[in-house]
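Worth saying up front: this structure is predicted, and the values here are computed from it rather than measured.
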Amino acid sequence: MELDQRKLKILNAIIQTYQETGEPVGSRTISKFTDLNLSSATIRNEMADLEEMGLIVQPHTSAGRIPTDLGYRYYVNQLIEEKDQQVSEMKDFLIQRVDRLELLLKQMAKILAANTNYATMITGPSYSSTKLKFIQLSRMAEDKLLVVVVVDGNLVKNSIVNLKEELSDQDVLSLNLLLNSGLNGLSLNEINLGIIHELEVKAGIHGNVVKAVIDAVADALNADGADMQIFTSGATNFFKYPELTTSSTASELIHTFEDKTELEDLVRKAAQDLQSDESGSKDNIQVYIGNEMPMQTMKDCSVVTAHYELKDGIKGTIGIIGPKRMNYEKVLDTLRNLTAQLDIIFDEPSGDDSGET
C-alpha cells in the first residue's frame, strides 16, 4: 500500500494528535496542525479515502477519526524506514570521518619520514577510554544482528551478532532504547558487571542478546588493545646510515617494521613509562637510546615517541626511529609542534588529500 504525500501527512497528523489527546480527530483540527494549507472539505475527502483503505475509522456518527491497527502498522513501518535511512546516512558520514582520520595518519607518517630522514610510525586511536555516543542495532537476517557503535570523535565500528532467538522490529527498537539509555556517555572501562547485569534484567527474555551485543561492542573497539593499528613509513631511510646497513641489522629493522609486533610492544612500553613518569613533564615525550630500547632488534637505534590526543579523548602514539646519532633537537621540536597542532589539523574541513611529499 502506497500513500501520496498528502495522505501520508494527514494520516501521521491523525495518529500523532490522537496519541496526544486520546480523542477522535476532526478535519478542522488537522487543518490547524499540518503544513498542507488545505481546506477542511479537502481534508475530509482525503480522510474518507484513508477510511476506505482501512487506515482510520469513524467510531460514531459526527465524530472525528481514529487510527486502526492497520493505520498504526503503516505509521510504524514508515517510522522504522525513516529511522533506518537516518542511521544509514549517519553511518556513511561516520565512515567518511574514519577514512579521513586513517588517511591523515598515513600521510602524516610519510611527511615525518620525509622531513626527518628517519623511519616513522603512528598508531591509530585506541577506543577503550573514549565515550560511547550511540549504538544502533539492525537486523541483517533472522539470525544476525548488525551492531553499529559510535564513539567520541564521531568514529564508528561495526560488528555482527549471531542470534539464538527471533527478534521482532519492536524488540530491536526496544533494545536500541535500552542500550542507548544505559550506555551512552560511558567508556568501555566504565561498563562494569553491575551495569551489564542491570541491562540484562531490564531486557527480560532478551537478556542474552544484550550480553552478546555488549561483548560485540568490546570486541569491535578492541578493549584489550589487540590488533593495534600502526601506520609506518620511511623504513628505507635506515639505509642512509652506515651503522644500520649491515645485513643482519638492516634485515632485523625491516622485519620489525613489516611484522609490527615489536612496534606494538614499544607503544605499550612508552605508554607505561609515561604513566609512571614522575618528572612532571607535560609534553608526553619519551626517548629510548640504544640498550634502553625495549626490543633487541633496535639496540643500534634511538626512538622518540610522543602521545597525541584529539578533542574527544581519542589517543595514539607517534614514534620517530633513527640511528643513535639522530638530530634529537630537530626530532623533539617536530613532535612537540605536531602534537600541538594535530587536533586543529583533524578538525579542518577535508579538502584535497592527495598531496604527496
**OP:** Report the C-alpha separation of E46 and I30 in whole Å, then their side-chain angles, then the decisive distance to 0.1 Å, and conclude whether the side-chain contact (heavy atoms from CB on, under 4.5 Å) test is met.
**Re:** CA-CA 11 Å; E46 294 288 357; I30 296 301; over 6 Å; no

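- Residues passing the salt bridge (Lys or Arg N to Asp or Glu O under 4.0 Å) test with D4, sequence neighbours excluded: K7.
- Closest non-hydrogen pair, M298 versus F257, comes out as CE-CE1, 3.9 Å.
- Side-chain contact check for V304 versus L332: some heavy-atom pair is nearer than 4.5 Å.
- To the nearest 0.5 Å, atoms OH (Y75) and CD (Q16) are separated by 4.5 Å.
- I135 approaches N180 most closely through the heavy-atom pair O-ND2, 2.7 Å.
- Both L8 and L38 belong to a common hydrophobic cluster when Ile, Leu, Val, Met, Phe, Trp and Tyr are linked at side-chain heavy-atom distances under 4.5 angstrom.
- Side-chain N or O atoms of Y241 include none that pairs as donor or acceptor with a backbone N or O of R325 at under 3.5 Å.
- Using a 4.5 Å heavy-atom threshold, the side chains of T297 and H255 count as separate.
- At least one side-chain heavy atom of C301 sits under 4.5 Å from a side-chain heavy atom of L244.
- Residues V213 and L175 have side chains not in contact (no heavy-atom distance under 4.5 Å, counting atoms from C-beta outward).
- Using a 4.5 Å heavy-atom threshold, the side chains of Y328 and I289 count as touching.
- At a threshold of 4.5 Å between non-hydrogen side-chain atoms, the residues M53 and Y74 do not count as touching.
- Taking all atoms of both residues into account, the shortest heavy-atom contact from S39 to T42 is OG-OG1, 3.0 Å.
- For L177, the CG atom counts as densely surrounded, since its 6.0 Å shell holds more than 12 non-hydrogen atoms of other residues, nucleotides or ligands.
- Within a 6.0 Å sphere centred on CG of D69, other residues, nucleotides and ligands contribute 12 heavy atoms or fewer.
- Under the 3.5 Å distance criterion, the side-chain polar atoms of R44 are left unmatched by any main-chain donor or acceptor of S27.
- No side-chain heavy atom of I214 sits less than 4.5 Å from a side-chain heavy atom of K211.
- Heavy atoms from other residues, nucleotides or ligands lying under 6.0 Å from CG of N327 number more than 12.
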**OP:** Kindly determine whether L105 and Q229 satisfy side-chain contact (heavy atoms from CB on, under 4.5 Å), including the steps that lead there.
**Re:** CA-CA 11 Å; L105 296 177; Q229 271 190 313; over 6 Å; no

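- Residue A113 comes nearest to T120 through the heavy atom pair N-CG2, 3.5 Å, listed as atom of the first residue, atom of the second, then distance.
- Atoms CD1 and NE2, from I318 and H307 in turn, are 10.0 Å apart once rounded to the nearest 0.5 Å.
- Between the side chain of T249 and the main chain of T245, no donor-acceptor pair closer than 3.5 Å is present.
- Taken from CG in L179 to OG in S174, the straight-line distance is 11.0 Å, to the nearest 0.5 Å.
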**OP:** Output, in order, the C-alpha distance, side-chain angles, deciding distance and verdict of side-chain contact (heavy atoms from CB on, under 4.5 Å) for V331 and V287.
**Re:** CA-CA 10 Å; V331 169; V287 181; over 6 Å; no

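- A donor-acceptor distance shorter than 3.5 angstrom exists from the side chain of D171 to the backbone of S168, with no hydrogens or angles considered.
- Annotation: side chain of K260 is in contact with side chain of T232 (closest heavy-atom distance under 4.5 Å).
- Aromatic ring orientation, Y18 versus Y72: tilted (interplanar angle from 30° to 60°).
- Note on L173 and V149: separate hydrophobic clusters, where clusters join Ile, Leu, Val, Met, Phe, Trp and Tyr whose side-chain heavy atoms are under 4.5 Å apart, directly or indirectly.
- Within the model, atoms NZ of K144 and CG of L167 stand 13.5 Å from one another, a figure rounded to the nearest 0.5 Å.
- Shown here for I15 and P67, the closest heavy-atom pair between the two residues is CG1-CB, 3.7 Å.
- The distance from the CD atom of E264 to the CD atom of E262 is 10.5 Å, given to the nearest 0.5 Å.
- A side-chain donor-acceptor contact under 3.5 Å links S181 to the backbone of L178.
- Taken from CD1 in I43 to OG1 in T29, the straight-line distance is 9.5 Å, to the nearest 0.5 Å.
- Under the 3.5 Å distance criterion, with hydrogens and angles disregarded, no donor-acceptor pair is assigned to the side chains of K133 and N184.
- At distances below 3.5 Å, at least one donor-acceptor pair connects side-chain atoms of T68 with backbone N or O atoms of L55.
- Looking at every heavy atom in both residues, M326 comes nearest to I320 through CE-O, 3.9 Å.
- With no hydrogens or angles considered, a side-chain donor-acceptor pair links N117 and K240 at under 3.5 Å.
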Subject >> Candidate pair L50 and L3, rule side-chain contact (heavy atoms from CB on, under 4.5 Å), full reasoning >> reply: CA-CA 9 Å; L50 291 171; L3 300 182; 4.2 Å; yes

